[in-house]
Asks: 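My questions all concern the structure below.
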Amino acid sequence: MSTLVIVESPTKARTIRNFLPTGYQVEASMGHVRDLPSAADEIPASVKGEKWAQLGVNVEANFEPLYVIPKDKKKVVKELKDALKKADELILATDEDREGESISWHLKELLKPKVPIKRMVFHEITQEAIRAALKNCRDIDLQLVHAQETRRILDRLVGYTISPLLWKKIAPKLSAGRVQSVAVRLLVARERERRAFHQGSYWDLKATLEQTKTAFEARLMSLDGVKIATGSDFDPETGKIVKNRKVKLLNETEAKALQKQLEGKVWTVTEVDEKPTTRKPSPPFTTSTLQQEANRKLGLSAKETMRTAQNLYEQGYITYMRTDSVHLSKEAIAAARSCVEQKYGPEYLSPQPRQYSTKTKGAQEAHEAIRPAGKQFRTPQETGLDGREAKLYDLIWKRTVASQMANAQLTQIAVNLQVETAEFRSSGKRINFPGFFRAYVEGSDDPDAALENQEVLLPELKAGDRPDCKQLEAIGHQTQPPARYTEASLVKTLEKEGVGRPSTYASIIDTIIGKGYAQMINKALVPSFTAFAVTNLLEQHFPDLVDTQFTSRMEQTLDDISTGEVEWLPYLKTFYQGETGLETQVKERESQIDPNTAKTLELEGLEAKVRLGKYGPYVVVENGEDEPLRASIPPHLTPDTLDRDQVQTLIKQKTEGPDCLGVHPEMGEEIFMLNGTYGPYVQLGEVSEENKKPKRASLPKGMKPEDVTLDMAVGLLSLPRLLGQHPETGANVKAGLGRFGPYVVHDQGKEGKDYRSLKKDDDILTIGLDRALELLAQPKRTKGGGRGKTKEPLRELGKHPEDGEAINLYDGPYGPYVKHGKVNASVPKERPVEEVTLDEALELLKAKKSSKTSKTSSSRSRSRKKAQ
DNA sequence: CAGTGAGCGAGCTTCCGCTTGACTT
């Protein structure tokens with residue numbers, strides 16, 4: 001008697017294998033095994049002529065989906081079929097959520113087993129839980145499967161009807177979808193706010209006071225009983241105080257006058273208010289909160305976090321990393337509590353075990369929260385991990401353990417002080433009992449709030465006290481525009497609205513960047529002009545689809561379908577073919593929308609219009625009777641900074657030709673300031689028949705075109721510049737501008753070149769030999785396995801018999817590999833790294849070399865995608 | 001890499017969610 005058990009992931013398969021009796025074979029499906037055809041080459045010839053072929057859903061016949069096996073799943077399916085041949089029974093043990101139920105159903109439909117089928121679900125991977133699940137098998141829940149199918153079809157209908165509309169009206173290859181279009185809209189909405197933002201400025205006073213030798217600070221709160229204006233009193237759209245607000249706005253003169261007036265006066269404490277407060281630890285990690293915290297505390301991108309977590313999961317250090325649940329098993333709670341007792345003592349335990357409940361919209365909770373694996377948590381030190389993995393495990397360990405710790409007890413202290421008619425306030429915080437603070441304090445998107453987490457000590461004060469004023473300063477402030485989204489804050493917002501799933505948060509960001517809807521500038525997501533045009537069109541013509549509520553309404557209906565309260569077919573029919581249905585809407589709008597209008601952006605406070613052209617965005621300025629003036633917008637110029645002056649400069653460059661900075665003193669040719677696809681650059685002479693490629697040099701980052709003088713331009717054009725000879729080797733030391741910015745190099749020709757980037761305060765035009773030597777003497781910065789070629793090998797294996805070049809063993813992000821010249825070959829997972837020999841390495845390299853000659857079509861198409 | 005913004009025009013582009021291995025280092 002033998003039974004085939006199918007789960008989603010190979011890691012899970014390996015784990016539960018140990019908990020099942022002999023005669024059970026466990027295999028992985030690797031996620032979904034069937035799907036709607038994703039592109040034309042997956043549509044079978046038999047339906048290619050049909051009107052609905054491109055959709056992959058027969059909208060004319062009860063929305064029957066056309067399922068195919070994607071290319072990358074063919075192998076898995078074949079293996080599963082083979083495994084089934086040997087089995088007398090099939091157990092489908094995928095996750096208990098909507099997608100998991102659907103995977104089981106697809107497996108059943110696809111494998112058409114002739115043997116009995118059971119559906120098994122479990123929530124914990126322990127001996128008891130799995131044995132119990134085995135005894136309580138059930139049938140596939142078809143209503144849940146219908147809910148998934150409805151979700152799948154609806155997403156397809158949205159994506160594959162709206163995207164083609166965008167191709168016709170804005171630009172080919174654009175995309176729209178239930179999730180990505182909402183994400184893009186969030187970015188665009190924030191950028192609009194930033195464009196509309198007007199800065200306001202205000203002043204206040206800061207006093208440094210002292211009592212019983214302890215210094216503390218106080219801020220001016222009110223004057224003559226009227227509150228002093230602060231940032232929140234401003235209207236961000238006007239830069240002025242909100243109408244009818246009764247506050248006193250201090251300007252610089254007034255603030256300084258008041259400062260003078262109050263100097264040397266008597267300060268009196270009028271009121272001391274102490275309030276006890278408690279803080280509760282945050283729940284254990286879900287995918288979304290892990291991504292946010294790893295981004296804030298470790299600086300990891302969502303993608304990096306997931307890759308690192310996957311490694312930890314596969315090595316058995318943590319539980320499953322794609323989850324929306326904050327639930328901890330009994331076992332996990334016990335393990336966390338024992339960690340608290342051992343490490344911090346019993347007084348740090350929460351009196352009762354804490355069980356958190358998931359409040360996220362649309363959560364499906366097929367898994368536990370992300371936590372250290374096992375019945376006993378390994379402490380971060382015990383794992384022996386290093387690098388990113390160690391840091392991420394540490395974060396997960398602390399968060400999990402902290403969740404079972406006692407509340408922190410604090411006292412908030414507010415002290416009011418009076419000096420003449422001015423009222424000042426000082427706030428402090430005392431930590432009476434740190435509780436979970438000992439282990440973990442959640443990071444914050446707002447650095448000011450993070451500061452609040454620290455204890456602010458005040459001396460013992462009581463009403464009537466007269467502290468000394470040591471210093472009184474007038475301080476100017478300016479209101480700040482709303483911050484752009486980061487990866488972390490975007491994921492947080494999407495999760496809050498129930499948009500996207502744990503398995504997709506990281507890829508949503510990839511999608512919107514890959515489609516040219518946004519770029520990442522200093523960790524901030526900045527939407528493109530294309531994003532503006534697409535969002536405008538969708539908001540105007542399909543407001544429901546880009547509403548953040550759309551997904552939660554859909555989820556509600558899907559829930560109702562899964563309980564049988566709503567039928568799936570009528571829902572889809574109304575959504576697509578109803579009077580205000582999607583198909584009807586798209587057809588109607590197709591004739592209404594003028595492509596020229598859709599490609600044109602009217603930005604607030606700008607007469608010039610932005611248009612999307614074949615080669616990117618450009619500005620158009622009406623020029624009376626004449627042809628309008630046009631000029632390209634360089635990619636580094638973002639929508640929020642495009643103002644009148646910027647447009648002026650772009651147009652001027654275009655019409656008057658490039659600015660001439662002067663004549664090169666030695667070459668006798670003119671030097672021009674130009675703006676190219678890669679930003680501003682200087683050029684010596686003009687392009688002509690005999691001089692097709694005149695000498696050019698980009699401006700280093702931070703140098704503004706308008707600040708560049710003739711001398712500076714000459715300096716830039718003379719790069720790389722010889723600084724002198726290295727005192728030890730006699731080789732040339734030069735300074736130049738490279739792909740990564742300004743650098744110095746110790747150029748020993750064939751012996752090798754040693755590069756260092758200049759520091760922020762160094763000037764490429766004036767740097768001398770001494771400073772260059774100083775930089776070269778510093779070690780190379782190798783942060784987290786940077787791109788430096790000087791990576792230390794794990795082990796040297798020996799020399800290649802043919803060319804005598806060294807063959808070394810390295811550790812890389814994809815596991816250990818051996819390297820010979822430019823050829824790398826991974827060491828197979830089952831081989832222990834310690835045992836790899838030179839001969840084995842030669843074999844691996846040989847196999848790799850021969851396979852390299854045949855490139856697959858899929859890798860070609862992937863690199864093409866990346867290039868866009 | 002470095003100055004364009006219409007048109008010849010077959011066939012293709014595109015969604016979300018579930019997974020790992022391939023990429024290369």
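Residue numbers start from 1 in every chain, and the chains themselves are labelled A, B, ... in the order their sequence lines are given, proteins ahead of strands.
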Asks: Counting just side-chain N and O atoms, does A:Ser175 come under 4.0 Å of either OP1 or OP2 of B:dC15?
Replies: yes
Asks: Is A:Val179 touching bases, backbone alone, or none of the nucleic acid, heavy atoms closer than 4.0 Å?
Replies: sugar-phosphate
Asks: Taking the side chain as everything from C-beta on, heavy atoms only, tell me whether A:Glu583 gets closer than 4.5 Å to A:Thr161.
Replies: no
Asks: Please confirm whether the shortest side-chain N or O distance from A:Gln180 to OP1 or OP2 of B:dC16 is below 4.0 Å.
Replies: yes
Asks: Tell me, please, which residues at least two apart from A:Arg119 pass salt bridge (charged side-chain N to carboxylate O under 4.0 Å, His left out).
Replies: A:Glu101
Asks: Rounded off to whole Å, could you give me the CD1-to-C1' distance for the A:Ile508 and B:dC15 pair?
Replies: 12 Å
Asks: Reckon A:Thr161 touches a base, only the sugar-phosphate, or nothing at all at heavy-atom distances under 4.0 Å?
Replies: nothing
Asks: Quick check for you: among B:dT13, B:dG17, B:dT14, whose closest atom lies nearest to any side-chain atom of A:Pro172?
Replies: B:dT13
Asks: From the set B:dG17, B:dT13, B:dG5, return the single nucleotide nearest to any side-chain atom of A:Tyr618.
Replies: B:dG5
Asks: Would one find more than 12 heavy atoms of other residues, nucleotides or ligands at under 6.0 Å from atom NZ of A:Lys51?
Replies: no
Asks: What dot-bracket string describes DNA chain B from 5' to 3', counting Watson-Crick and G-U wobble pairs whose defining distances are under 3.5 Å, with [ ] for crossing pairs and | for pairs to another strand?
Replies: .........................
Asks: Is there any salt bridge (Lys or Arg N to Asp or Glu O under 4.0 Å) pair reaching into residues 161-171 of chain A, and which pairs are they, with sequence neighbours excluded?
Replies: A:Lys168-A:Glu590
Asks: Which nucleotide in the list B:dC18, B:dC12, B:dT20 gets nearest to the side chain of A:Met321?
Replies: B:dT20
Asks: Work out how far the P atom of B:dT4 is from that of B:dC8, and round it to whole angstrom.
Replies: 22 Å
Asks: Using the P atom as the point on both nucleotides, what is the distance between B:dT19 and B:dC23, in whole Å?
Replies: 23 Å
Asks: Less than 4.0 angstrom from a charged side-chain N to a carboxylate O is my criterion; do A:Arg14 and A:Glu314 meet it?
Replies: no
Asks: So for A:Ser102 and B:dG17, does any side-chain atom that can act as donor or acceptor lie under 3.5 Å from a complementary atom in the base?
Replies: no
Asks: Answer yes or no as to whether B:dT13 has its base stacked against A:Trp167, where stacking requires a ring-centre separation under 5.5 angstrom and planes under 30 degrees apart.
Replies: yes
Asks: Using a strict 4.0 Å threshold on nitrogen-to-oxygen distance, state whether A:Lys73 and A:Asp35 make a salt bridge.
Replies: no
Asks: How many whole angstroms separate atom CD of A:Glu27 from atom P of B:dT20?
Replies: 14 Å
Asks: Distances under 3.5 Å between protein N/O atoms and the N/O atoms of nucleotides 7-10 of chain B, please, pair by pair.
Replies:
none

Asks: Let me spell it out: for each of A:Asp95 and A:Leu36, pick the nucleotide of DNA chain B with the closest heavy atom. Which residue's pick is nearer the 5' end?
Replies: A:Leu36
Asks: Taking atom P in both B:dG21 and B:dG17, compute the distance separating them and give it to the nearest angstrom.
Replies: 23 Å
Asks: From the set B:dG17, B:dT14, B:dT20, return the single nucleotide nearest to any side-chain atom of A:Arg178.
Replies: B:dG17
Asks: Looking only at side-chain N and O atoms, does A:Ser632 come under 4.0 Å of OP1 or OP2 in B:dG3?
Replies: no
Asks: Please enumerate all residues that pass salt bridge (charged side-chain N to carboxylate O under 4.0 Å, His left out) together with A:Lys609, with sequence neighbours excluded.
Replies: none
Asks: Of A:Leu55 and A:Thr11, whose closest DNA chain B nucleotide lies nearer the 5' terminus?
Replies: A:Leu55
Asks: State which of B:dC16, B:dT14, B:dT20 makes the closest approach to the side chain of A:Arg152.
Replies: B:dC16
Asks: Looking at the side chain of A:Tyr313, which of B:dT14, B:dT20, B:dG17 is the nearest nucleotide?
Replies: B:dT20
Asks: Check this one for me: any side-chain N or O of A:Thr504 less than 4.0 Å away from OP1 or OP2 of B:dC18?
Replies: no
Asks: Report the nucleotide, chosen from B:dG21, B:dT19, B:dC15, that has the shortest atom-to-atom distance to any side-chain atom of A:Glu314.
Replies: B:dG21
Asks: Counting distance alone, no hydrogens or angles: does the base of B:dC18 have a donor or acceptor under 3.5 Å from a partner atom on the side chain of A:Arg501?
Replies: no
Asks: For a quick check of understanding: with a heavy-atom distance under 4.0 Å over all strands, which category does A:Ala28 fall into, base, sugar-phosphate or nothing?
Replies: nothing
Asks: Could you check whether atom CG of A:Asp386 has more than 12 heavy atoms from other residues, nucleotides or ligands sitting under 6.0 Å from it?
Replies: no
Asks: Applying a 4.0 Å non-hydrogen cut-off, can you work out what A:Gly500 is touching in the nucleic acid: base, sugar-phosphate, or nothing?
Replies: sugar-phosphate
Asks: Quickly work out the A:Leu166 CG to B:dC15 P distance and round it to whole Å.
Replies: 11 Å
Asks: Check whether any side-chain nitrogen or oxygen of A:Gln148 sits under 4.0 Å from OP1 or OP2 of B:dG17, and answer yes or no.
Replies: no
Asks: Parallel, tilted or perpendicular: which one describes the rings of A:Tyr67 and A:Trp105, with boundaries at 30° and 60°?
Replies: perpendicular
Asks: In whole Å, I'd like the distance from the CG atom of A:Leu107 to the C1' atom of B:dC18.
Replies: 12 Å
Asks: Does A:Arg322 contact B:dC18 through a side-chain donor or acceptor facing the base, at a distance under 3.5 Å?
Replies: no
Asks: For the side chain of A:Ala40, counting heavy atoms from C-beta on, which of B:dT13, B:dT14, B:dC18 is nearest?
Replies: B:dT13
Asks: Nearest whole angstrom, please: distance from the P of B:dT14 to the OH of A:Tyr517.
Replies: 10 Å
Asks: Whether A:Lys73 contacts B:dT19 is assessed here as follows: a side-chain N or O lying under 4.0 Å from the phosphate OP1 or OP2. Is that the case?
Replies: no
Asks: Using a 4.0 Å heavy-atom cut-off across all strands, classify A:Asp72 as base, sugar-phosphate, or nothing.
Replies: nothing
Asks: Tell me whether A:Lys74 at atom NZ has more than 12 heavy atoms from other residues, nucleotides or ligands lying less than 6.0 Å away.
Replies: yes
Asks: What nucleotide among B:dT20, B:dC15, B:dC18 has an atom nearest to a side-chain atom of A:Glu99?
Replies: B:dC18
Asks: Side chains of A:Pro65 and A:Glu149: does their closest heavy-atom pair fall under 4.5 Å?
Replies: yes
Asks: To the nearest Å, how far apart are A:Gln310 CD and B:dA22 P?
Replies: 14 Å
Asks: Which part of the nucleic acid, if any, lies within reach of A:Gly177 when heavy atoms closer than 4.0 Å are counted: base, sugar-phosphate only, or nothing?
Replies: sugar-phosphate
Asks: Whole Å only: how far is the CD1 atom of A:Ile509 from the P atom of B:dC16?
Replies: 14 Å
Asks: Taking only side-chain nitrogens and oxygens of A:Tyr320, does any of them come within less than 4.0 Å of OP1 or OP2 of B:dT19?
Replies: yes
Asks: Which heavy atom in A:Ser181 sits nearest to a heavy atom in A:Ala176, and how many Å separate them?
Replies: OG-CA, 3.4 Å
Asks: Give the nucleotide from the list B:dT14, B:dG5, B:dG17 with an atom nearest to the side chain of A:Arg630.
Replies: B:dG5
Asks: Using whole Å, report how far CG of A:Asp97 lies from C1' of B:dC18.
Replies: 9 Å
Asks: If the condition is side chain to side chain contact (heavy atoms under 4.5 Å, CB included), which residues does A:Val179 pass it with, not counting sequence neighbours?
Replies: A:Val499, A:Ile508
